[in-house]
Participant: 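Below is a structure I'd like to ask you about.
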Amino acid sequence: MQIKNSKFITTVASKDLYPARNEFAFVGRSNVGKSSLINALANNKNLCRTGKTAGVTRNINYFSINNGDIFFVDLPGYGYHEAGKGEQDKWAEILENYLLNSKELKCVFVLVDSRREASDNDRIMTKYLNQYAIPFKVVATKCDKLKKSEYAKNKQLVAHSLGLGESDVILTSSENKFGIKEVLKTIDEFM
């Protein structure tokens, strides 16, 4: 897939979903690099707001790709400890509503940090997606922080900590664009 253009469309904070088509959603713990990955895929560093602090994405953000041929959907992060329980519950409700009710969802990219084992929240997310037969692929981010000699070992670590095969994990770096073509190829396969 080649992305020719991209633009922010809307933010949704309620149970009403935006009528998009061919949706590819991005989910993961806060500060795992969802917005940075979306920017790298779209080759547009200003598309998605990124931040040094966790918890920037608190609602569902829709981005039109290639004049609406597909949509990237940035979902609220989970596991942000500084957010109060009420706010975390709100994010969880928004997330669950989207995952269960989006009729155009093609694939969920579950982002995990390539430098460590998947978290309990990551395991809960992949089990949830399996339980509801929602297609997903794991994207291990921030591999630019690893030595190249650590790539295979860390990919295996992420895969095994989620109970998945290594072919279910894509190593990526938004910084140096490593793995971006593989994610775009995955999007093609789901289309």
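All values below were derived from every heavy atom in this structure, side-chain atoms included, with hydrogens, water molecules and symmetry-related copies excluded.
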Participant: Within the distance-only criterion (no hydrogens, no angle test), does the side chain of Arg115 pair as donor or acceptor with the backbone N or O of Cys143 below 3.5 angstrom?
Facilitator: no

Participant: Could you tell me whether Phe178 and Tyr151 have their ring centroids closer than 6.0 angstrom?
Facilitator: yes

Participant: Would you compute the distance between atom OG of Ser6 and atom CD1 of Ile38 and round it to the nearest 0.5 angstrom?
Facilitator: 10.5 Å

Participant: Determine, for Asp113 against Arg29, whether the closest basic-nitrogen to carboxylate-oxygen distance falls under 4.0 angstrom.
Facilitator: yes

Participant: Treating Asn66 as the side-chain partner and Gln2 as the backbone partner, does any N or O pair qualify as donor plus acceptor under 3.5 Å?
Facilitator: yes

Participant: Find out if a path of hydrophobic residues (ILVMFWY) with successive side-chain heavy-atom gaps under 4.5 Å connects Val27 to Val183.
Facilitator: no

Participant: Looking at Gly165, is its backbone amide N or carbonyl O close enough to the side chain of Asp168 to form a donor-acceptor pair, meaning the two atoms are under 3.5 Å apart?
Facilitator: yes

Participant: I'd like to know if the side chain of Gln156 reaches the main chain of Lys153, judged simply by a donor and an acceptor atom lying under 3.5 Å from each other, with no hydrogens or angles considered.
Facilitator: no

Participant: Short question: side chain of Glu104, backbone of Asn22 - any donor-acceptor pair under 3.5 Å?
Facilitator: yes

Participant: For the backbone of Val108 and the side chain of Lys137, can you confirm whether one donor and one acceptor N or O come within less than 3.5 Å of each other?
Facilitator: no

Participant: If only atom types and distance count, is the side chain of Asn130 paired as donor or acceptor with the main-chain N or O of Lys127 below 3.5 Å?
Facilitator: no

Participant: Do Leu41 and Phe26 come close enough that some side-chain heavy atom pair is under 4.5 Å?
Facilitator: yes

Participant: Could you report the tightest heavy-atom contact between Ala140 and Ser114, atom names first, then the distance?
Facilitator: CB-CB, 3.7 Å

Participant: Are the side chains of Asn97 and Leu17 in contact, using a 4.5 Å heavy-atom criterion?
Facilitator: yes

Participant: Could you give the distance from CZ (Arg21) to CZ (Phe71), rounded to the nearest 0.5 Å?
Facilitator: 7.5 Å

Participant: Using the side chain to side chain contact (heavy atoms under 4.5 Å, CB included) rule, take Ile3 and Asn43 through it: C-alpha gap first, then chi angles, then the decisive distance, then the call.
Facilitator: CA-CA 8 Å; Ile3 295 182; Asn43 200 26; over 6 Å; no

Participant: Nearest 0.5 angstrom please: Phe72 CZ to Phe24 CZ, how far?
Facilitator: 8.0 Å

Participant: Quick one: closest heavy-atom pair of Lys45 and Asn39, and the distance?
Facilitator: O-ND2, 3.2 Å

Participant: Rounded to the nearest 0.5 Å, what separation is found between the CG atom of Asp74 and the OG atom of Ser35?
Facilitator: 4.5 Å

Participant: So Leu95 and Met125, do their side chains get closer than 4.5 Å, heavy atoms only?
Facilitator: yes

Participant: Tell me, do Phe8 and Asn46 make a side-chain contact under 4.5 Å, heavy atoms counted?
Facilitator: no

Participant: Measure the spacing between CZ of Arg116 and NZ of Lys142 and express it to the nearest 0.5 Å.
Facilitator: 7.5 Å

Participant: Determine whether Ile65 and Leu105 fall in the same hydrophobic cluster, where Ile, Leu, Val, Met, Phe, Trp and Tyr are linked whenever their side-chain heavy atoms lie under 4.5 Å apart.
Facilitator: no

Participant: What distance do Phe190 atom CZ and Ile70 atom CD1 have between them, rounded to the nearest 0.5 Å?
Facilitator: 12.5 Å

Participant: According to a hydrophobic-cluster definition based on side-chain heavy atoms being under 4.5 Å apart (Ile, Leu, Val, Met, Phe, Trp, Tyr only), do Leu111 and Leu129 belong together?
Facilitator: no

Participant: Establish whether Leu162 and Tyr132 are linked, either directly or via other cluster members, by ILVMFWY side-chain heavy-atom contacts under 4.5 Å.
Facilitator: yes

Participant: Test your reading of the model: is there a side-chain donor-acceptor pair from Thr141 to the backbone of Val112, 3.5 Å cut-off?
Facilitator: yes

Participant: Salt bridge between Lys185 and Asp188, side-chain N to carboxylate O under 4.0 Å?
Facilitator: no

Participant: Under the side chain to side chain contact (heavy atoms under 4.5 Å, CB included) criterion, do Tyr128 and Glu96 qualify, and how do the steps go?
Facilitator: CA-CA 10 Å; Tyr128 180 90; Glu96 184 172 34; 3.0 Å; yes

Participant: Does any N or O in the side chain of Ser102 come within less than 3.5 Å of the main-chain N or O of Tyr98, such that one atom is a donor and the other an acceptor?
Facilitator: no

Participant: How far apart are the closest heavy atoms of Val138 and Thr126, and which atoms are they?
Facilitator: CG2-CG2, 4.4 Å

Participant: Taking Asn44 for the side chain and Leu47 for the main chain, is one N or O donor matched with an acceptor at less than 3.5 Å?
Facilitator: yes

Participant: What do you reckon, is NZ of Lys177 surrounded by more than 12 foreign heavy atoms closer than 6.0 Å?
Facilitator: yes

Participant: Do Ile60 and Val73 make a side-chain contact, defined as non-hydrogen atoms from C-beta onward lying under 4.5 Å apart?
Facilitator: yes

Participant: Are Val158 and Ile170 connected in a single hydrophobic cluster, I mean Ile/Leu/Val/Met/Phe/Trp/Tyr linked by side-chain heavy atoms less than 4.5 Å apart?
Facilitator: no

Participant: Working note: Tyr18 + Thr11, criterion side chain to side chain contact (heavy atoms under 4.5 Å, CB included); need CA distance, chi angles, decisive distance, verdict.
Facilitator: CA-CA 9 Å; Tyr18 182 78; Thr11 295; over 6 Å; no

Participant: In sequence, state the C-alpha distance, the side-chain angles, and the governing distance for Thr172 and Leu37, and then conclude on side chain to side chain contact (heavy atoms under 4.5 Å, CB included).
Facilitator: CA-CA 8 Å; Thr172 65; Leu37 179 66; 4.3 Å; yes

